[in-house]
Amino acid sequence: MIKSITEIREFLMNFDQRTVTCGQLRAADAGKTVVLNGWVHRDRNHGALHFINLRDRYGITQVVVDDDASAELQKTASELKMEYCIAVTGLVRLRPQNMINSDMDTGEVEVKAEKIEILSRCATLPFVIDGDQVVNEDLRLKYRFLDLRSSGMQSRIRLRHEFIKAIRDYLCDEGFYEIETPTLIRSTPEGARDFLVPSRKYPGKFYALPQSPQLYKQLLMVSGFDKYFQIARCYRDEDSRGDRQLEFTQLDLEMSFVKRDDVLGLMERLFGYVFKRVMNYELPAHFRRIDYFDAMNTYGCDKPDLRFGCEIKDIASVVQKSTFDAYKEILANKGSVKALVAPKTEGFDFTRKYLDEVGEAAKVYGAKFVPFIKVGANNALSGSAAKFFVGLEAELCSLLGAKEGDVIFMVAHESWKKCCASAGAIRTKLGKDLNLIRPGFEFCWIVDFPLFEYNEDEGHWEAAHHMFSMPQAKYIPTLEENPGEVRGDLYDMVVNGYECASGSIRIHDIELQKRIFRICNFSDEEAEKKFGFLLNAFKFGPPPHGGIAPGIDRLVMIMSDQNSIREAIAFPKNSFAVSPMDDSPNDVDQKQLDELKIYFKLDK
RNA sequence: GGGAUCUUGGUGAAGCUGGUUAUCACGCCACCCUGUCACGGUGGAGGCCACGGGUUCGAGCCCCGUAGAUCUCGCCA
């Protein structure tokens, strides 16, 4: 019985420390006496014979309590329950030949327990670690510390670590400096909503958390650190999504004296190196480059999944000749008409219900009605829109490359972009449902994005990417005449249907930068007030520069074949920006608010 | 801000056209078990069927509202 404080301290501190991990014992270790520390993963008690799967970060080792064990050892073993944290001292021995478990790395051996020490006990679990049930995500997040014990989370967190380590190694070898930038910064009117941090010393004033280190990395270029990177946390107060969190991590990167292809080339080398090292996956030396408009026209989005075909075609020419008046009217209104083909697929019936489902998927993006046409023998057409194409069957099928058993889907919209997006939604759905998607990673670059977008609500032009991106040279003399036509020196890196990096060559000319601000409805005075520090820096010999920022969380998600970014983050928020574990965001003490001179006026 | 789907012991699911005592698996508790590895066996505890209204002789099931969850459109340079 423990009596004194000293004894309690000794009991807590003097546990048997591990001499090996639970993942390392092999047949060659037989005969050694070892100490293991870990958690009870599974517990199989046969009465006089007792097996314990002991788990740590490195693996699982089978511990056996034999029938010749002391009464004390038997008693301790019988007390064990799942997730107890224990120390086991014992002898490594070969398992009998027919008892080898080839599914376990340590399956050739087991540890015959001589002593088991319970380091701590575990309450009844809210869910079984590595159980076969899919657990409600909010519950997983509430008990994230337990969820992280699962093999899936452990391997993703390890992948993330190795990914970041490989990035650092590669970039450092290429001569990059890793430089930190502040997280309490000035709020600037960039794309997303800022998170604000009130200043205690200056009541009524606020810092903002950076949406990205954009301006700081440009200032570092002015300072002459011509190759910079940072594993940077970014904050954007926008609604969460499966592939989006309000705080996320970017590889932020910037280089001086470069042109677009230098940045793309560096990224191709970096990702080639990283994917080989952490995934043992070979990427091509160069990624395909696709013009933004080609991507929209062919794939219906600016982040195409190239792992399958199902390309979208413009069918305006055939529709013009048809009797499809509703679509002809849309064309007359400067709209677009596009179509794509769902290929005949073994074991998949294009039921009426499914065809309607496809239509619904497109309607989310604005398509009003989505006719389909089934292709029979000799280009015989049937289905809701077949009657409009009498006499044009062969032309339609050959334009689309449709064969017997295929189904043609059509979409139309006055807005070219919405027409593309609707067709893209169909393409994505077909890819998934018809199992058209090849395994692997298919990277590409989407380049030459428009520099400006018109904001209908606000009634002025704004930067499609951000205001520091360089217009392509040929547009520079006439930027103001038709901003909608201007293309930027912009590029996105895309893999498997996800945008995984975004970047541009930046403006380093103060006059050009001011022109961009003006087009985006910032007067010189306002620009000076909000971006004065950048403009000021540009007076002092700024170098030409450009960069890019890959999203770390999203890439880890893709690399580990998940479809939620939360699977790649140790402690994420849920889709409603709440952390069920620590219950943030939360109320704070009135005293804290008083210090900050903050008073609320809540709705209702 | 809009739309879709969902909410049943600790966990995951079933629950028919509205009809007794809400079913199953995992987990939990007790006991048994000498080669398991998702061990097995016997027994047991554990439910205001998310919450609030309504329809009905009768609601887990139908209707309305509220809350929460996931996905999604907008938004996210």
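Below, chains carry the letters A, B, ... as their sequence lines are ordered, and counting in each starts from 1.
In terms of polar N and O atoms assigned as donor or acceptor, the side chain of A/Arg244 comes within less than 3.5 Å of the base of B/C75 in a complementary pairing. Between the side chain of A/Asn101 and the base of B/C37 there is at least one donor-acceptor pair of N/O atoms closer than 3.5 Å. Counting distance only, with no hydrogens placed and no angle test, the side-chain atoms of A/Arg95 and the base atoms of B/C37 include a donor-acceptor pair under 3.5 Å. Remark: the A/Glu137 side chain and the B/U70 base include no donor-acceptor N/O pair separated by less than 3.5 Å. If you check distances only, the side chain of A/Arg93 does reach the base of B/G35 with a donor-acceptor pair under 3.5 Å. For B/G68, the base has no donor-acceptor partner in the side chain of A/Asp138 [N/O atoms by modelled type, under 3.5 angstrom].
B/A4 atom P lies 17 Å from atom CG of A/Asp356, rounded to whole Å. Nucleotide B/U11 holds its C1' atom 13 Å from the CG atom of A/Asp147, rounded to whole Å. The CD-P distance, from A/Glu357 to B/A4, rounds to 16 Å in whole Å. Between the P atom of B/G68 and the CG atom of A/Leu139 lies a distance of 18 Å, rounded to the nearest Å. Atom CG in A/Leu94 sits roughly 15 Å away from atom C1' in B/G35 (whole-Å rounding). Following rounding to the nearest Å, A/Leu54 (CG) and B/C37 (P) show an atom-to-atom distance of 19 Å.
Of the candidates A/Met255, A/Gln230, A/Arg506, A/Arg506 is the only one forming a side chain to side chain contact (heavy atoms under 4.5 Å, CB included) with A/Lys217. A/Asp305 pairs with exactly one of A/Ile437, A/Thr428, A/Val495 by the side chain to side chain contact (heavy atoms under 4.5 Å, CB included) rule, that one being A/Ile437.
The side chain of A/Pro126 has B/G10 as its nearest neighbour among B/C76, B/G27, B/G10. Of the candidates B/U11, B/C75, B/C37, the closest approach to any side-chain atom of A/Arg241 belongs to B/C75. In the set B/C37, B/C26, B/G35, the nucleotide with an atom closest to the side chain of A/Val128 is B/C26. Here the side chain of A/Lys81 is nearest to one of B/C29, B/C75, B/G35, namely B/C29. Ranking B/U72, B/C37, B/C75 by closeness to the A/Val364 side chain, first place goes to B/U72. Closest to the side chain of A/Gln133, out of B/G27, B/C33, B/C26, is B/C26.
Remark: ring of A/Phe51 stacked against base of B/U36; centroid gap under 5.5 Å, plane tilt under 30°. The aromatic ring of A/His46 stacks onto the base of B/C39, its centre lying under 5.5 Å from the centre of the six-membered base ring with the two planes under 30° apart.
In this model, no donor atom of one side chain and acceptor atom of the other lie less than 3.5 Å apart for A/Asn574 and A/Glu137.
For the atom pair SG (A/Cys85) and CZ (A/Arg55), the distance works out to 9.5 Å, reported to the nearest 0.5 Å.
Counting non-hydrogen atoms under 4.0 angstrom, A/Gly131 reaches nothing in the nucleic acid.
The aromatic ring centres of A/Phe468 and A/Phe531 sit less than 6.0 Å apart.
Map A/Asp103 and A/Tyr365 each onto its nearest nucleotide of RNA chain B; the residue landing nearer the 5' end is A/Asp103. If A/Gly47 and A/Asn136 are placed on RNA chain B by their nearest nucleotide, the residue sitting closer to the 5' end is A/Asn136.
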Would you sort out whether A/Arg233 and A/Thr183 count as a side-chain contact (heavy atoms from CB on, under 4.5 Å), showing the intermediate values? CA-CA 8 Å; A/Arg233 190 63 61 84; A/Thr183 50; 5.7 Å; no
